[in-house]
Amino acid sequence: MKPSTAAALGLSLMLLALPAGLAAQESGTADQPAGNEPPAAQAPAGGIAAGALGEDNPFTVGSQLITISAAAQIPLFTFGGDSSSTSPNMYTGGSFTFGYQYFVLPRFSIGGALSGSYNLSVGSRNLFMLPLTFKAAYWWSVLPFEFTANAEVGGYLMRFDGNGMLGPIAKAGGGAYYRVSTGWSLGLEVNYWFVPEIHSGDYATLTRFGNFLETGLSAVYHL
Amino acid sequence: MKRIHIAAAAACLAFALALSSCDNSYGVLSSIQKEVASTTDSVFYRASVQNVVRFDDTSGGKYYYATMNAIYRRPVASGPNTDWKLFSVGSVGTDYYCSRIAVTSTTLYAVLRNRNTYQTMKGVYSWDGTTWSLVDSSFSSKDVQALYVANDTLFAVTNEGTSSTGSAVNLDQPIFHLYYLDTSGTPTFTATGISPSTSWIPGVAGDGSYFFTGAGKTVYSAASADFSGAAPTTVTGECTSFASDPAHTRIYVGTSYGYVYGCYNHSDWASTAPWGAGSSAGDVAAVKALAYLPVGTYGRLVAGKNMYNEYTSTYYGYYEIALSDTTSAGLTSSSSYVGDSSGAALHGGDTTNYDTTTKYLYVNNFYYDPNTDYGPRLFITGRQIISKKLSGLWSDLYDGSKWGGWTTE
């Protein structure tokens, strides 16, 4: 199946809408009168106070993070439709994720993430997924260690053997990091991917729900 | 805040639009679940298999024989991917190279070469189920390139060209000759009336009484095996394969331009182009293998793709052609199906079976075993594309109404 022009347009609008939403939020901040700037604008550069390695909460309002992850993509099971087994019939592959988060409350951030994953099927065909998600996360720290629990929802583009698919996706997981400097944290991250592939009408029996576990290394850059 | 709402609404609308415009008819995860895992324990794993035949000898032995630079065989009763063993050839033992075998109603024939020096011939040998014998010792030094059987008569193609370097064995400027085995007395290979050709002779077919062969863009037909007085017919592209349906007095010819021709009752010709007409410019998908299957109402052809230009092609897999009647070649109103379409039959109703098995084979040959004791069974031989890890030999069992799908041999 090749996504239609309308599908490509729709996905492009999603990618444009995400930074537009964030820009709308920041422009709202800039609209406030001079001299009455919100606390976020008063946070030190990078969102982490200088010399604050002893504090328990480096995640103040206005802090920003960029996350980069490289992980193993483990297919767990697939169910639904007229499936007679739950075998995913795929081998462990790999994934990468690029994300951005902005702290709207102390310890609570929202943002987005763009991922890409690859798995090889038992019949030697290649499955690629490209999820784009909205992400909400809760962070806490016992410095130099930092922890996060997060949830994501969004959509994916899937390519397999010349066929394409679009659908919704949900992720949940968390990470544990070690703060190596004022700018960087390094650690491990685990996320569960729930990947519904919805078909309707005469093809409803093709519906499947894929389940994957993403586990690997993650780096966090504190802006 | 209003701008956030507008942006979020746009995102939701865009996502809904993207989902609603998706074509629903292909299930990615369901297709993956139906896949057949590549079998690495096959004798023919990641190998190129040239051809396969069945031979039931007079002592009751029933075996399939396949060539993969040597002869392998398995008992017909054993089932796919079971009991394939290297076959010893009499006094020659296993010290031989063989890429061509053929079978008549009474005898299996094999072209043997020296295993270490490919160009050195041992000759054409026959196997009756008990004894291997050299056929026509005067023919044993000829560079036999292929064996074919039509109307229960054995044919051999030799290369009797010249060498650009003067080598006695490296005949890189080929000239192909066609011989038939005259068994009226002591079996002797006899030259046919087909003129020696610089074009390859890809096969010989029989419609029950007439014989057909071809070289280049010409197909010849004759009433006798010596092709005396052969009548020529021109085809589009060069001949690359032959198939027979003697029950309905018709044969089929595949060409390098993707055409399939059919001849009914010795002279009534028709054609179709199952994957679109090819082009004389550059590389095309040649019909390198062709087989007739006596299934369904009017029968069905299966046309295998392979390279015509050895250095540039990306064509592999096969098409099925459902014939439209039995009182002609059946190609005028025929329907063609790529191997994984819903109209194709060989995948057994599961298109994933084709996609994960024979789709990625450069097809060398088909062989149809019509016997119903452990069949009927269709074999496909070939070589997998470089990025895949597949067996070079597959078979498909027909239960009388439905094909079961491809299985590794």
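Protein chains get the first letters and strands the later ones, always in sequence-line order, with residue 1 at the start of each.
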So which part of B/Thr357 gets closer than 4.5 Å to some heavy atom of chain A, the side chain, the backbone, both or neither? neither
Side chain to side chain donor-acceptor pair (under 3.5 Å) involving B/Asn365 - partner list, sequence neighbours excluded: none
What residue, out of A/Ala204, A/Gly210, A/Gly201, A/Ser200, has the most heavy-atom pairs lying under 4.5 Å from chain B? A/Ser200
Contact part of A/Thr207 toward chain B, heavy-atom cut-off under 4.5 Å: side chain, backbone, both or neither? neither
Between A/Asp161 and chain B, with a heavy-atom cut-off of 4.5 Å, which part of the residue counts as in contact: side chain, backbone, both or neither? side chain
Could you tell me how the ring of A/Trp139 sits relative to the ring of A/Phe59: parallel (under 30°), tilted (30 to 60°) or perpendicular (over 60°)? tilted
Would you call the rings of B/Tyr316 and B/Tyr360 parallel, tilted or perpendicular, taking 30° and 60° as the class edges? tilted
Given a strict heavy-atom distance threshold of 4.5 Å, which part of A/Ser87 is in contact with chain B: side chain, backbone, both, or neither? backbone
Reported CD-to-OG distance for the pair A/Glu214 and A/Ser115, which is rounded to 0.5 angstrom: 6.0 Å
My understanding is that only residues two or more places apart in sequence, or in another chain, count here; which of them pass side-chain contact (heavy atoms from CB on, under 4.5 Å) with A/Asn211? A/Leu76, A/Phe77, A/Phe79, A/Tyr192, A/Phe194
